[in-house]
*Asks:* 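The structure follows.
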Amino acid sequence: MGDEIRRNMALFPIGIVMKLTDLTARQIRYYEQHELIMPARTSGNQRLFSFNDVERLLEIKALIEKGVNIAGIKQVLNPVSKESEEATVLSADSESKRKELSDIQLHRMLKQQLMTGKRPGQVSLIQGELSRFFTK
DNA sequence: ATTCTCACA
DNA sequence: TGTGAGGA
């Protein structure tokens with residue numbers, strides 16, 4: 001896994017990212033404020049995005065179109081803690097561990113469903129069951 | 001020509 | 001989220 005450096009290499013300015021993602025500069029900056037992305041900066045304070053940032057923005061865009069809000073996206077997309085999920089499980093006691101585990105499984109299922117765009121007839125699950133995560 | 005931050009007749 | 005101001 002070595003070309004991860006290439007994918008995380010800051011390359012393009014916001015103008016190009018706008019065309020690549022069909023998002024407005026406003027939206028891109030807004031998502032950054034909410035820590036959904038954290039692009040690099042040039043010495044002149046200009047944002048520089050990597051391939052990963054762009055892909056991430058595309059995922060965010062997809063989720064927003066699915067009707068998911070920032071809080072929800074934070075749950076589904078969490079690069080800020082790839083191992084925090086497991087850490088949560090490891091640091092939990094037997095009883096809460098069972099709960100945390102089911103949460104993580106549900107978490108992954110929801111992500112898969114939202115990203116894969118499955119089950120057209122159960123959009124209610126996205127607003128109902130998912131709200132459980134948004135609120136808490 | 002581009003992007004940045006801030007603020008809202 | 002849009003949009004315009006004012007600066008880099």
Side-chain angles (χ1 to χ4, degrees):
Chain A
M1 189 196 268
D3 52 42
E4 179 186 306
I5 66 176
R6 249 164 292 179
R7 295 191 172 183
N8 283 312
M9 179 160 51
L11 298 173
F12 11 71
I14 199 168
I16 292 179
V17 178
M18 288 173 69
K19 295 173 182 173
L20 261 37
T21 64
D22 283 299
L23 290 171
T24 65
R26 179 73 158 92
Q27 290 176 299
I28 296 172
R29 292 170 183 142
Y30 180 76
Y31 302 150
E32 180 190 39
Q33 281 189 265
H34 290 271
E35 303 175 276
L36 264 41
I37 54 172
M38 39 185 299
R41 296 276 183 151
T42 67
S43 44
N45 198 42
Q46 306 266 133
R47 268 167 273 249
L48 279 189
F49 303 75
S50 67
F51 277 99
N52 278 169
D53 289 325
V54 176
E55 288 177 13
R56 209 176 159 61
L57 283 170
L58 288 174
E59 296 183 279
I60 293 171
K61 182 194 172 196
L63 291 172
I64 292 232
E65 296 179 323
K66 288 285 185 180
V68 183
N69 58 194
I70 306 302
I73 295 176
K74 283 184 181 178
Q75 307 300 311
V76 184
L77 250 49
N78 227 307
V80 194
S81 58
K82 183 175 296 178
E83 56 184 286
S84 73
E85 289 187 7
E86 297 180 56
T88 303
V89 178
L90 294 175
S91 63
D93 63 350
S94 61
E95 188 178 335
S96 62
K97 177 181 291 182
R98 195 174 63 64
K99 186 179 187 307
E100 295 292 352
L101 184 59
S102 59
D103 275 350
I104 292 174
Q105 297 180 314
L106 226 187
H107 175 284
R108 288 178 175 153
M109 286 180 70
L110 288 172
K111 175 175 182 178
Q112 183 189 187
Q113 290 179 192
L114 290 171
M115 298 309 287
T116 308
K118 283 194 172 186
R119 308 156 42 185
Q122 284 187 286
V123 183
S124 59
L125 182 151
I126 294 179
Q127 300 184 304
E129 202 74 328
L130 209 55
S131 65
R132 162 160 161 269
F133 288 109
F134 300 168
T135 304
K136 104 178 181 186

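Only a predicted model underlies this, so the values are computations on that prediction, with no experimental measurement involved. Convention: sequence-line order gives letters A, B, ...; per-chain numbering from 1.
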*Asks:* In whole angstrom, give me the gap between the C1' atoms of B:dT2 and C:dG6.
*Replies:*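 B:dT2 and C:dG6 have their C1' atoms separated by 15 Å.
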
*Asks:* With both distances under 3.5 angstrom, what nucleotide forms a Watson-Crick or G-U wobble pair with B:dA9?
*Replies:*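 Here B:dA9 is not engaged in any pair, so there is no nucleotide opposite it.
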
*Asks:* Heavy atoms, side chains only, cut-off 4.5 Å: are A:Ile70 and A:Tyr30 in contact?
*Replies:*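 Of all side-chain heavy-atom pairs linking A:Tyr30 with A:Ile70, at least one is under 4.5 Å.
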
*Asks:* Tell me: CD1 of A:Ile28 to C1' of C:dG2, nearest whole Å?
*Replies:*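 These atoms are roughly 15 Å apart.
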
*Asks:* Taking any strand in view, what nucleotide pairs with B:dA1 in a Watson-Crick or G-U wobble way, both distances under 3.5 Å?
*Replies:*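 WC or wobble partner does not exist here.
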
*Asks:* Find the distance A:Ile16:CD1 to B:dA1:P and express it as a whole number of Å.
*Replies:* 17 Å

*Asks:* Once rounded to the nearest 0.5 Å, what's the spacing between atom CG of A:Leu58 and atom CG of A:Leu63?
*Replies:* 11.0 Å

*Asks:* What residue among A:Asn52, A:Thr21, A:Leu36 forms side chain to side chain contact (heavy atoms under 4.5 Å, CB included) with A:Leu57?
*Replies:* A:Thr21

*Asks:* Going 5' to 3' along nucleotides 4-9 of chain B, which nucleotides have protein heavy atoms under 4.0 Å from the base (write B), which only from the sugar-phosphate (write S), and which from neither (write -)?
*Replies:* SB-B--

*Asks:* Do the non-hydrogen side-chain atoms of A:Val54 and A:Phe12 ever get within less than 4.5 Å of each other?
*Replies:*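 When only atoms from C-beta onward are counted, A:Phe12 and A:Val54 do touch, with a gap below 4.5 Å.
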
*Asks:* State whether A:Thr24 places a side-chain N or O below 4.0 Å from either non-bridging phosphate oxygen (OP1 or OP2) of C:dT1.
*Replies:*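 So the side-chain polar atoms of A:Thr24 never come under 4.0 Å of the phosphate oxygens OP1 or OP2 of C:dT1.
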
*Asks:* If you compare all heavy atoms of A:Leu48 against all heavy atoms of A:Pro13, which two are closest, and at what distance to 0.1 Å?
*Replies:*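 Where A:Leu48 meets A:Pro13 most closely, the heavy atoms are CD2-N, 4.1 Å.
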
*Asks:* From CD of A:Gln27 over to C1' of B:dT3, roughly how many Å is that when rounded to an integer?
*Replies:* 17 Å

*Asks:* For the hydrophobic clusters of this structure (ILVMFWY residues joined by side-chain heavy atoms under 4.5 Å, transitively), does one cluster hold both A:Leu11 and A:Ile28?
*Replies:* yes

